[in-house]
Each structure stands twice: as C-alpha cells, then as structure tokens.
Amino acid sequence: MATETATPAYRTATAFILIAVAAGLGPLLLFAITQGGRIGLDAYVWRVLSFTLLQASLSTVISVALALPTARALVRHRSRARPILLSILAVPQSLPAIVVVLMLVTLFGASGLMGGLLNLYGLAGILLAHVYFNMPLALRVFTQTLQGIPPENRRLAAQLGLHGWSLWRMVEWPALRPVIPRIAALIFLLCAGSFVVVLTLGGPAATTLEVAIYQSLRMDFDVARALTLSLLQVTLCAVLVALAGRSAWTEQLPRRRMDGDTYEAPGRAERIFNALCILMAALLVGGPLLALLVEGIRHISPGLLMLQALMTSTAIAALSTTLALALAWPIAWRQRRARGLTTVTPLLGLIVPPAVLAMGWFILVRGLDGGALLAAVLIVILNGLMALPFAVNIVAPAVASWSERQERLCAQLGLSGWPRFRIAEFPALRGPLAQAGLYAFSLSLGDLSAVTLLGSQGLVTLPSLLHAQMGHYRSDDAMGTGLLLAILCLGLGALANSKRLAS
Amino acid sequence: MIRLAQTVYDSEGFRLAADFEIARHSFSAVLGPSGAGKSTLLSLIAGFLPLTLGHVIIDGVETDGVPPAARPVSMIFQDHNAFAHLDSWTNVALGISPSLDLAENDRAAVDEALARVGLSALARKRPGEMSGGEVQRIALARALVRQKPILLLDEPFAALDPGLRQQMLALVNELHQERRLTTLMVTHEPKDARAVADQVIFIDGGEARPPAPTGRFFSGKQDKAVSRYLGT
C-alpha cells in the first residue's frame with residue numbers, strides 16, 4: 001500500500017501531456033539550437049516585455065488595493081443585500097474575456113452610454129478589463145479570510161475595545177497579510193498571460209508577449225521573433241508559477257459563521273467610507289453587466305450563423321471537457337500519494353502558455369493541409385490542457401479525502417477496476433467531477449484564444465463569431481451573440497457552484 | 001492460527017515488533033497506551049501496511065504480498081465502515097461480490113445477515129440516516145457474509161454509549177462463538193476486555209507481547225508497564 005506503482009491510465013495521461021507540450025516546445029528548442037544567433041532582444045521585444053510587466057503590475061496593484069477596503073466593508077456590515085452582492089461579484093469569474101470586452105465597449109466605447117469618459121483602446125482599457133476580472137477574485141479571497149478570523153480573536157478585540165483603525169491594525173491586517181502575496185502572484189500571472197483582452201483592446205504600442213507571439217507568427221510571419229518572444233514568455237510564466245505556488249490554487253480557506261454580536265457598530269465616517277467601497281464594487285461589476293443585458297435583449301436574434309457557431313462551440317467544448325476530465329482523473333488519484341512531477345504535470349499548461357504551445361503546433365502542422373477539422377482537433381487539445389490545472393484542483397482534494405476514508409474498505413472487499421469506479425468511486429465523486437466538467441466546458445465554450453491561435457477559415461465558434469462581429473462594427477449583432485454567450489457561461493457557472501454539487 | 005514470526009514494522013521513527021502465535025478460535029483483546037501501535041498490529045495482519053521484516057503466517061500460509069481482499073480476514077474500523085451513498089443492504093452485499101453480481105442464495109444470505117444483527121427494518125436506509133451503532137452493525141453483517149475466519153475490530157464501539165456498547169460486545173461475542181472465529185479487538189476499556197476476551201495482547205514500548213490469559217493479565221501480578229497502563 002505504501003509503494004504504489006503508476007497506473008496505466010496515469011502513464012497514458014502523463015505521456016499525452018508531455019507529448020503535447022514537447023510538440024509545442026520542440027520547434028522552439030530546435031530553433032534556439034540551430035539559429036541561436038538570431039535570438040535578439042531588439043527594441044520591439046523589450047517594449048513588449050516591459051508593457052507586459054507594467055500592465056500586469058498595475059492590474060494587480062489596483063485589484064488588490066480596491067479589494068482590501070471593500071472586503072472589510074462587506075464583512076463589517078451585516079445586511080440582507082450581502083448575499084446578492086456576493087453573487088453579483090462572482091459573475092466575472094464565469095464570463096468569457098471577449099464578453100467582458102464587449103461589455104466595456106458597450107459602456108465606454110465611442111458610441112457607448114458613457115463614451116468619451118476614457119480611451120478604452122490602450123492601457124486604460126486593458127487595466128479596466130483586468131480589474132473587472134481580478135478585483136472580485138481578490139475580494140472573495142479577502143472576504144473569506146476575514147470571515148475566517150476566529151470568533152475568539154474578535155471577542156477579545158471587542159473586550160479590549162479595539163475598533164476602527166486599531167481593529168484593522170491588530171486583527172484584520174495580520175490575517176490578510178499572508179494571503180496578499182499569493183493572491184497578488186496569481187493575479188499577476190493571469191494578467192501577464194492575458195490574451196483576449198490585450199488582443200482586442202491593445203494596439204501596436206500596447207501589446208503583451210502572448211499577443212505579440214501570435215502577431216509575429218500569424219500576421220508578420222516572423223518565426224524568429226515569435227520564437228524569441230516565446231522563450232521569454234515561457235521563462236516568465238515558469239518563474240511566476242513557481243512564485244505563485246500551488247497554494248494559490250488549492251488554498252482551502254476556512255469558512256466559519258461569523259458572530260455579528262462581537263462587532264461594534266462602525267462610526268459615521270466609517271459607514272460612509274464602507275458604503276462608498278461597496279457601491280464602487282457593485283458599479284464596477286454590475287454596470288457593464290447591466291449595459292450588455294439592456295442592449296443585448298433588444299438585439300438578440302438567433303440567425304443561422306449563430307446557430308452553427310453554437311453547435312461548433314458546443315462540440316469543441318464537449319470534447320475538450322472529456323479530454324480534461326480523462327487527464328485529470330488519473331492525475332488526481334496519483335497526487336494523493338506521489339509528489340514532485342505529479343504536481344507539476346497538470347500545471348504545464350500554465351507554465352507553457354497557450355500561445356507558445358499553439359505556435360509550436362502551428363509550425364509542426366504547417367505543411368499538412370488539415371483544414372477546419374485539424375484546427376478543431378488542436379483547439380480541443382489546447383482547451384483541454386488549459387482547463388486541466390483547474391480540473392485537477394477541483395477533483396484532487398475530493399479524491400484525497402475519499403481515499404482517506406474508504407480506500408482500506410475497498411482494498412479489503414477486493415473492489416478494484418471498473419466495479420470500484422462504478423460502485424464506490426463515481427457515486428461518491430460525481431459532484432466534484434461534474435463541477436470540474438462544467439468548469440472546463442464553460443472555459444472552452446467562451447474561449448477565444450485557442451480559436452484565434454489555431455483556427456482556420458471554415459471554423460466559426462461563438463466567441464470567434466462575436467469577435468468578427470465586433471471587428472466589423474456590427475455592434476447590434478455582437479450584442480445578441482455576446483448576451484447568448486454570457487447567459488450560457490453564467491448558467492454553467494451557476495450550475496458548477498450550486499450547493500448540490502459542492503456537497 | 002495467526003503466527004507473527006519476528007514481525008517488525010518500522011516507519012518514520014515508529015516501530016512495532018511482534019513474535020508470537022494467536023491460537024485459532026481465541027478472542028484476544030489488544031490493549032496498550034495510545035499510539036503504541038494497536039491499530040498497526042491489526043493493519044499488519046489485514047495487509048494494510050507492508051512488513052519491514054519477518055512474516056505474518058495465517059493457517060500455515062505466508063501472507064507477504066497477499067492483498068487485503070485475498071486474506072482470510074474481515075476488519076471493522078472505528079468509522080467509515082460503510083459507503084455513505086449506498087443503503088445498508090448494498091453495503092452488506094458488497095461483502096459477497098465487489099461487482100454486486102448476486103445469485104438468489106446470495107441475496108438470501110444478505111437478508112439473513114441483516115436479520116442476525118437486527119437491521120432487517122433498515123435494509124434500505126443509508127448510513128447517514130442511521131445511528132452510529134447501526135452503522136457498525138452493517139459492518140458486522142458484512143463480516144458475516146464474507147465468512148472469513150478472522151475478525152479484527154479496531155475500536156469499532158469506542159464512540160457508542162455504554163449501554164449500546166455492551167449490546168454490541170455481546171453481539172460480537174455471540175458471532176465469535178457461533179462462527180468459531182479468531183477475533184482480535186483493540187479497545188481502551190479494560191472492562192470490555194474482561195467481559196469478552198480470553199486473552200490479552202499488550203503493546204508497549206514498540207513491542208507487542210505474547211497473549212496472556214485475561215485472568216492473569218488483570219491479576220495484579222504484572223510488571224510495571226502494565227500496572228502503569230492499568231493505573232493499579
């Protein structure tokens with residue numbers, strides 16, 4: 001029992017991942033070896049690198065800075081609006097990037113409701129979109145951290161008469177401080193690898209490594225530059241993943257019921273400040289959502305094109321979900337015993353970013369005339385790998401706790417193989433499996449990056465249709481498509497987070 | 001007969017040695033301070049932990065490398081003895097066939113075992129809807145249908161109220177007699193050992209001592225380690 005050899009399923013999954021990654025990195029290494037001399041950090045590459053780091057830093061700082069006081073405000077006031085507010089704040093997590101961009105364009109674009117307020121195309125727009133995604137993420141973690149402060153600490157603070165600033169300094173800030181570096185590293189990683197937001201809102205002066213790789217290869221056909229950028233991006237991501245650590249994903253924050261009685265009612269100034277924080281968060285997340293809803297309902301008209309795109313997207317999402325789960329399952333089982341490589345394999349999809357993988361694959365299959373079918377297969381694989389780290393993180397803890405409780409019983413009863421899966425494992429673990437599946441499905445359904453990186457002309461998915469409509473200034477059609485996509489992804493997200501699945 | 005031949009389990013600073021035989025049809029209580037290795041001894045016999053040295057020989061057969069399911073052993077744990085999503089009937093039936101491939105007489109055997117432990121009325125209930133004592137009865141019923149000659153009990157009644165605990169002990173003792181089992185029971189209660197066990201295996205200082213007759217063990221003529229443990 002202590003020494004357990006890897007199962008064939010685990011070996012197959014690992015081999016698949018390693019081959020896929022090797023196929024992406026192979027051309028890169030080959031190039032570095034044969035034409036190392038042409039790898040040059042010219043002015044363009046430097047500009048791209050520094051903009052990548054700049055926008056990621058600013059996005060991180062703004063997200064965290066806004067989330068801190070808002071989390072405190074949310075925790076301090078017990079109001080009936082809080083659950084509603086928290087569920088609104090969960091919305092960005094489920095939305096595809098291209099839909100968020102559409103929302104921001106609807107609100108702040110040249111012809112938008114608040115047009116002219118800021119120039120959406122460039123740094124400002126990129127930051128806005130990134131904060132839209134990541135402020136709620138940080139807010140949720142901070143809120144849970146504050147709620148996890150032991151009631152005894154709060155009682156003691158109340159007894160000692162700590163409130164306002166001193167409560168923050170003595171109790172709340174010490175609880176939050178250890179969480180901040182991890183969440184900041186995660187947000188930085190997500191923003192540094194952001195593709196869709198930068199592709200749609202950036203420009204020649206505002207581009208990141210991820211987008212520049214794509215443009216160098218697919219627009220300028222400059223293989224050398226694409227590979228140089230890829231090397232940089234892989235290095236950056238590997239460092240960031242190492243820094244962010246696994247803890248950022250697997251962190252199980254304590255959820256305790258809070259004792260409201262230990263709170264002293266905040267003073268008037270603080271109440272106003274807290275109200276402003278909450279209002280800001282609600283407007284930031286709710287405003288663009290409302291804009292899309294209002295505009296989208298007026299324009300939703302399912303045409304043949306939209307229907308076809310929906311079917312293509314559904315098929316790709318279904319296949320990539322199957323792939324992600326098939327890979328995640330044996331890895332999750334392996335992780336309960338083994339360490340080291342097992343914990344790194346599923347992260348390879350993060351360390352080697354999609355643009356780099358896609359670039360390698362693109363160079364490899366360049367000669368083949370695979371058309372839309374080949375493109376679809378590659379998109380399925382890329383989406384599957386992108387969802388893998390998240391799927392593993394949902395399934396692995398459930399597998400570990402199940403194994404802790406019932407593995408001995410299975411061993412004694414001789415339950416193994418298919419009967420064990422059918423009778424014991426699947427019924428107990430279908431909740432987390434479904435959750436991971438819904439997550440992977442929603443990620444693939446809304447993903448524009450894979451189809452942009454690998455797509456061919458005949459292949460139209462919902463996100464790529466939306467992107468084309470936005471690009472051709474058919475904003476009415478775009479609203480309709482965007483609303484459909486938003487509804488689908490929010491529905492899937494709500495399903496994945498439903499209490500029935502989580503228990 | 002269970003023969004522990006110079007058996008040693010050694011893992012990360014924890015060590016347990018045993019070198020003795022346990023007679024067939026005996027009822028042994030396994031006593032000793034917390035963390036001494038009482039559960040470890042049972043896990044070695046059941047095959048949940050690998051031996052570092054020595055052998056566990058059951059009825060003349062070397063068990064090294066034999067998986068838990070293939071050993072003539074049923075073990076009942078302190079908790080998690082039943083799958084939470086399956087009703088008690090199905091949980092018992094798993095003892096007959098891991099793929100729930102049941103013939104007519106198998107079904108009858110499950111019904112009969114449930115009746116024997118007094119769970120007939122709760123056959124369609126799941127563990128979550130049952131009391132702690134009832135869930136442990138599921139495990140007993142499953143041990144019955146498995147028909148293994150050795151029964152290992154790892155404090156399965158520790159969480160039960162005293163009255164219920166007495167009932168369960170009596171039931172175990174009945175089954176032990178009826179089926180002519182070889183039973184080992186880990187317990188924290190010397191009283192329980194006195195009530196049902198005919199011999200005591202005492203574990204202390206990394207060593208499991210050979211079984212001593214229950215009467216002699218509690219006679220007060222034992223060495224320091226035992227009197228320290230018993231508080232006499």
Side-chain angles (χ1 to χ4, degrees), chain A residues 1-10 325 329 332-334 336-340 394-437 498-503, chain B residues 9-12 14 39-40 42-52 65-87 90-102 126-128 135 138-139 142-143 145-146 148 150-152 154 156:
Chain A
M1 188 161 150
T3 53
E4 186 178 291
T5 50
T7 59
Y10 172 72
L325 291 183
W329 182 254
W333 279 94
R334 186 74 184 148
R336 98 215 116 106
R337 290 279 150 66
R339 291 279 168 268
I394 295 170
V395 176
V399 163
S401 93
W402 183 89
S403 160
E404 180 96 345
R405 281 177 285 126
Q406 315 232 254
E407 188 118 18
R408 288 202 299 181
L409 188 54
C410 284
Q412 178 159 88
L413 297 173
L415 270 177
S416 61
W418 175 244
R420 172 166 153 156
F421 177 78
R422 186 170 57 87
I423 295 171
E425 292 171 1
F426 182 70
L429 295 169
R430 64 185 163 196
L433 265 180
Q435 228 175 351
S498 69
K499 290 208 174 62
R500 230 160 54 85
L501 277 187
S503 62
Chain B
Y9 175 74
D10 203 334
S11 171
E12 292 167 21
F14 175 84
S39 299
T40 307
L42 264 52
S43 291
L44 289 175
I45 298 171
F48 293 128
L49 293 174
L51 294 180
T52 311
V66 178
R71 299 184 181 213
V73 171
S74 282
M75 181 154 162
I76 301 180
F77 313 110
Q78 190 166 351
D79 44 23
H80 306 305
N81 276 302
F83 293 110
H85 63 280
L86 301 175
D87 62 27
T90 314
N91 264 298
V92 174
L94 277 174
I96 295 178
S97 162
S99 53
L100 292 177
D101 210 353
L102 301 173
R126 295 181 190 192
V135 176
I138 297 179
R142 193 177 49 222
V145 299
R146 293 189 76 214
K148 304 288 182 187
I150 297 172
L151 180 63
L152 305 177
D154 190 0

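Please read all numbers here as calculations on a predicted model, not as lab measurements. Note that these values count all heavy atoms, side chains included, but never hydrogens, waters or copies made by symmetry. Reminder, nothing fancy here: chain letters follow the sequence lines and each chain counts from 1.
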### Task
Mind checking the CG-CZ spacing from Leu409(A) to Phe83(B)? Nearest 0.5 Å is all I need.
4.5 Å
### Task
With rounding to the nearest 0.5 Å, note down the distance linking CZ in Arg71(B) to NZ in Lys148(B).
12.0 Å
### Query
Using non-hydrogen atoms only, which part of Asp79(B) is less than 4.5 Å away from chain A: side chain, backbone, both, or neither?
neither
### Message
With a 3.5 Å distance limit and no angle check, can you tell me whether Ser97(B) reaches the backbone of Leu102(B) through a side-chain donor-acceptor pair?
### Response
no
### Query
Side chains of Thr40(B) and Phe48(B): closer than 4.5 Å at any heavy-atom pair?
no
### Message
Report which part of Ile96(B) has an atom under 4.5 Å of a heavy atom belonging to chain A: side chain, backbone, both, or neither.
### Response
neither
### Summary
Greatest number of non-hydrogen atom pairs under 4.5 angstrom with chain A, of Ser74(B), Ala46(B), Ala70(B), Pro67(B), falls to Ser74(B)
### Message
Which one wins on heavy-atom pair count under 4.5 Å against chain A: Ser99(B), Ser11(B), Ala139(B)?
### Response
Ser99(B)
### Task
Side chain from CB out, backbone as N, CA, C, O: work out which of these in Arg142(B) comes under 4.5 Å of a heavy atom of chain A, or both, or neither.
side chain
#### Entry: Pair Trp418(A) and Phe426(A), ring centroids less than 6.0 Å apart
no
### Message
Under 4.5 Å from any heavy atom of chain A, what part of Ala84(B) do you find: side chain, backbone, both or neither?
### Response
backbone
### Message
For Ser43(B), which atoms come within 4.5 Å of any heavy atom of chain A: side chain, backbone, both, or neither?
### Response
side chain
#### Entry: Which portion of Ala82(B) sits near chain A, non-hydrogen atoms under 4.5 angstrom
backbone
### Task
Give a yes or no on whether a salt bridge exists between Arg420(A) and Glu407(A), defined as a side-chain N under 4.0 angstrom from a carboxylate O.
yes
